[in-house]
2 protein chains.
Amino acid sequence: MGISKIDKMQNLSKNQQIIFDLINKSPEPLKAYTILFNVQKKGIKAPLQVYRALDKLVEIGKIHKIESRNAFIACHNSSCQVAKATAFSICEICEKVTEISSAGLSKYLANFKDKDGMKYSKYNLEFFGLCKKCR
Amino acid sequence: MGISKIDKMQNLSKNQQIIFDLINKSPEPLKAYTILFNVQKKGIKAPLQVYRALDKLVEIGKIHKIESRNAFIACHNSSCQVAKATAFSICEICEKVTEISSAGLSKYLANFKDKDGMKYSKYNLEFFGLCKKCR
DNA sequence: AACACTATGTAATAATATAACATTTATAAG
DNA sequence: CTTATAAATGTTATATTATTACATAGTGTT
């Protein structure tokens, strides 16, 4: 049998898996040092170990970084193999973050050209407002 | 005569003016500690003095923060009184950043509603790609 | 003058992220 | 299966980004 290339790309290393599991089960974005604190019992002791796993997880699209918050959430968009087109809504009161998946929005942004006719390979969009609960 | 409320809001304090001038004449986004280094000869000695001025300048829309780079650029969009609707293109090689002003884009995003019909009061969009020179 | 508000100055420290180097583990090719 | 290569790990130290806390000074209004 053996492991195909596709299978392999889905296999995370030990540290990557530990950190992904933590982020994936969190209802809210996690910060790097919060992650570090929470995985110390699993043997991950240093910031760099966390940042390396985060970098890789972002690279392969398993998680996204919320830039305005320096925090990370799991990708819940099944089509998201790479971190190249992301959109989030962020509640300015409770800090709840939701990944937006709107075909219309992603189509509009993927096709957006600036004045010079330049198209872009990647984007990140963060919307801010008040969530249902906080309104 | 006196100074009206509108006039007052356009007047920057000493530190704010020094820091705005520096950012405004820079061809590229400046980081907080780069700013600090460059204004020390003008008597601004501590990080907090820089961050306070930056906070205010962002609040009144004179500058914008490029979240993915932790850097600041002057707003060149005359209609931008507040930092509530921003879009940038970022070259991944030379790190050149340009503020995008597209009526179509801002209209689309200002009117965007998510699945729950929620509208947002603010957004920030960062496009990534290669600029003309770097292609 | 009294008040409220905004801005400043200063020191200390918190929070976020990377550099450098040694070692180990996983994968693919011969 | 062994050798070459790439990917991941471990560890220490340090760089970068940002805030807390507290004291003081300026500005505009009443």
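Chain identifiers are assigned alphabetically (A, B, ...) following the order of the sequence lines, protein sequences preceding nucleic acid strands; residue numbering begins at 1 within each chain. Nothing here was measured: the structure is a model prediction, and the numbers come from that model.
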* Asked: Is there a donor-acceptor contact under 3.5 Å linking the side chains of Ser68(B) and Glu126(B)?
  -> yes
* Asked: Do the side-chain N and O atoms of Asn124(B) and Thr86(B) include a donor-acceptor pair separated by under 3.5 angstrom?
  -> yes
Rounding to an integer number of Å, can you tell me how far [X] [atom1] sits from [N] [atom2]?
| X | N | atom1 | atom2 | value |
| --- | --- | --- | --- | --- |
| Leu36(B) | dT10(C) | CG | C1' | 13 Å |
| Asn11(B) | dT6(C) | CG | P | 15 Å |
| Gln17(A) | dT9(D) | CD | P | 11 Å |
| Leu30(A) | dA15(C) | CG | P | 16 Å |
| Lys42(B) | dT8(C) | NZ | P | 15 Å |
| Ile66(A) | dT16(C) | CD1 | P | 15 Å |
| Ile60(A) | dA7(D) | CD1 | P | 13 Å |
| Glu67(B) | dT16(C) | CD | P | 14 Å |

For the pair [X] (side chain) and [Y] (backbone), establish whether a donor and an acceptor sit closer than 3.5 Å, ignoring hydrogens and angles.
| X | Y | result |
| --- | --- | --- |
| Lys56(A) | Tyr51(A) | no |
| Ser89(B) | Asp114(A) | no |
| Gln17(B) | Lys14(B) | no |
| Asn38(B) | Thr34(B) | yes |

* Asked: For every nucleotide of nucleotides 10-20 of chain D, 5' to 3': is a protein heavy atom under 4.0 Å from its base (B), only from its sugar-phosphate (S), or from neither (-)?
  -> BBB----BBBB
* To do: Answer yes or no: does a side-chain N or O of Ser13(B) lie under 4.0 Å from OP1 or OP2 of dG26(D)?
  => no
